[in-house]
2 protein chains.
Amino acid sequence: MGQQNLIKELENRAISPTAMRLLVLDQLKKASVAMSLADLEIALDQADRTTIYRSLKKFEENKLIHSIEDGTGSVKYALCESNCQCTPEFTHAHFHCNNCEQTFCLRNVHLPDLSLPKNFVAENSSFVIKGRCDHCR
Amino acid sequence: MGQQNLIKELENRAISPTAMRLLVLDQLKKASVAMSLADLEIALDQADRTTIYRSLKKFEENKLIHSIEDGTGSVKYALCESNCQCTPEFTHAHFHCNNCEQTFCLRNVHLPDLSLPKNFVAENSSFVIKGRCDHCR
DNA sequence: GTTCTTGCAAAATATTTGCAAGACG
DNA sequence: CGTCTTGCAAATATTTTGCAAGAAC
């Protein structure tokens, strides 16, 4: 495990594995929940917000992570599956706990065919379910 | 049509029908798409942002409208159906056009049973599909 | 030396609150 | 009078950009 794997994951997405990016990726992997920019800034207390921000943008652009708007007012980020393509067929579903405010990625949520209005074309989608997580109910 | 109906709609939700609130509701009804606070501020150029903001909060609190995070960075608002309860069974689905940046409410989108992790309880949910609308494809 | 990355500062954008004046009952 | 509503101002939060110094190749 460890550093070498992280480096590989970045390189697989054509991202230079700099020290800062490794820290950000490491933190995202360690977290079981989606993290906001502010969350990461706190977790990596040595790091500059802008640098984390640009790391996240780069990661997202290269499909290493995806962003989630869970209704808290700040965008959260979470790792994509290795084969993630962020297409409608691979909709990212997330669960936001209204009590502890954590946002979980839900894998394997199967969504049905979408019956969109005529001539509307889906490119991707996001599904956020809100409620109580197992610790907070 | 008109003023009397708007007044009734507010009163049905236990909202005092003030002049400003009628303007905001009227605008939301006229718009075929979801509107942000900034959108409303422009549309109702005589109105103060704070007043619109508080109208929207009141409307949302009393379930006259619902809010949507469509990924643009600003929250949008749209009218609820008259029988809307904003529960998981009545999930609000929306379509955001990546080209013209408009957000449409999708009625009658049927979502499947959600297979949540054990002990997770859904209270409501939001589903945003992104792509191209009929005018922009 | 040229490109990429980082960190500080600051701008831009969005949301929210404080407070006093006014409207309403 | 007392509560609700409004509008201005300002605070807060969040995201984004400019720029120069430093690192990487």
Side-chain angles (χ1 to χ4, degrees), chain A residues 3 6-7 9-11 13-28 34-62 64-78 96 101 103 126 128, chain B residues 3 6-7 9-11 13-27 34-62 64-78 96 101 103 128:
Chain A
Q3 208 70 346
L6 295 179
I7 292 174
E9 287 190 50
L10 289 176
E11 288 176 339
R13 297 284 180 176
I15 302 165
S16 312
T18 67
M20 281 302 311
R21 287 170 182 167
L22 288 168
L23 280 177
V24 174
L25 176 57
D26 186 45
Q27 183 59 50
L28 286 175
M35 299 182 78
S36 68
L37 177 56
D39 292 337
L40 281 161
E41 198 182 356
I42 292 166
L44 309 173
D45 51 19
Q46 65 274 42
D48 182 74
R49 187 169 8 111
T50 309
T51 305
I52 301 172
Y53 171 76
R54 286 196 261 237
S55 296
L56 292 171
K57 284 296 178 188
K58 185 83 178 171
F59 289 2
E60 188 181 14
E61 192 181 322
N62 292 23
L64 178 61
I65 65 176
H66 58 264
S67 59
I68 310 139
E69 306 220 20
D70 59 12
T72 57
S74 50
V75 180
K76 301 255 174 83
Y77 298 89
H96 178 74
E101 300 289 321
T103 297
S126 128
V128 179
Chain B
Q3 209 69 347
L6 294 179
I7 291 174
E9 287 189 49
L10 289 177
E11 288 176 340
R13 298 285 180 174
I15 302 166
S16 311
T18 67
M20 281 302 312
R21 287 170 181 167
L22 288 168
L23 280 177
V24 174
L25 175 57
D26 186 45
Q27 183 59 49
M35 299 183 79
S36 68
L37 177 56
D39 292 337
L40 281 161
E41 200 183 354
I42 292 167
L44 309 172
D45 50 21
Q46 64 273 40
D48 181 73
R49 187 169 8 111
T50 308
T51 305
I52 301 172
Y53 171 78
R54 286 196 260 238
S55 295
L56 291 172
K57 285 294 177 188
K58 184 85 179 170
F59 289 3
E60 188 179 15
E61 193 181 323
N62 292 24
L64 178 61
I65 64 176
H66 58 264
S67 59
I68 310 139
E69 305 220 19
D70 60 12
T72 57
S74 51
V75 181
K76 301 257 173 82
Y77 299 88
H96 177 74
E101 301 288 321
T103 297
V128 179

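Just so we're on the same page: letters track the sequence lines, and every chain starts at 1.
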Counterpart residues, side chain to side chain donor-acceptor pair (under 3.5 Å), relative to B:Asn62 (two or more places apart):
none
Using five base pairs at each end, measure the axis-to-axis angle across the helix from C:dG1-D:dC25 to C:dG25-D:dC1 and round it to 10 degrees.
20°
Residue pair A:Leu10 / A:Pro17: nearest heavy atoms and the distance that separates them
CD1-CA, 3.6 Å
Give the rounded distance in Å between these two atoms: CD1 of A:Ile15 and P of C:dT5.
10 Å
Taking only residues two or more places apart in sequence or in another chain, which ones pass side-chain contact (heavy atoms from CB on, under 4.5 Å) with A:Ile42?
none
Could you tell me which residues satisfy side-chain contact (heavy atoms from CB on, under 4.5 Å) with A:Ala78, sequence neighbours excluded, listed by chain and number?
A:Ala34, A:His66, A:Ile68, A:Cys105
Could you list the residues that satisfy side chain to side chain donor-acceptor pair (under 3.5 Å) with A:Ser36, not counting sequence neighbours?
A:Asp39
Check side-chain contact (heavy atoms from CB on, under 4.5 Å) between A:Thr72 and all other residues, then give those that pass, not counting sequence neighbours.
A:Asp70, A:Ser74, A:Lys76, A:His96, A:Glu101
Residues A:Ser55 and A:Arg21: closest non-hydrogen pair is OG-CG, 3.7 Å
For the pair made of CD in A:Glu69 and P in C:dT15, what is the distance, rounded to whole Å?
10 Å
Shortest non-hydrogen separation from A:Glu69 to A:Val128 and the atoms involved
O-CG2, 3.7 Å
Have a look at B:Ser36 and say if it touches a base, only the backbone sugar-phosphate, or nothing, with a 4.0 Å heavy-atom cut-off.
nothing
Residues in side chain to side chain donor-acceptor pair (under 3.5 Å) contact with B:Thr51, at least two apart in sequence or another chain:
none
When rounded to the nearest 0.5 angstrom, what is the spacing between CD in A:Glu9 and CG in A:Leu64?
6.5 Å
Going by number, which of residues 18-27 of chain A have a non-hydrogen atom under 4.0 Å from DNA chain D?
none
Outer limits of DNA chain D sitting under 4.0 Å from a non-hydrogen atom of chain B, read 5' to 3', are D:dT5 to D:dA9
Any pair with a residue in residues 47-60 of chain B that passes salt bridge (charged side-chain N to carboxylate O under 4.0 Å, His left out), sequence neighbours left out, goes on the list, sorted by first then second residue, please.
B:Glu41-B:Arg49
Scan residues 47-55 of chain A against DNA chain C and write down, sorted by residue number, each residue with any heavy atom closer than 4.0 Å; if none is found, say none.
A:Asp48, A:Thr50, A:Thr51, A:Arg54
Reported CG-to-OH distance for the pair A:Leu40 and A:Tyr53, which is rounded to 0.5 angstrom:
14.0 Å
Looking at every heavy atom in both B:Met20 and B:Ala47, which two are closest together, and how far apart are they?
CE-CB, 3.4 Å
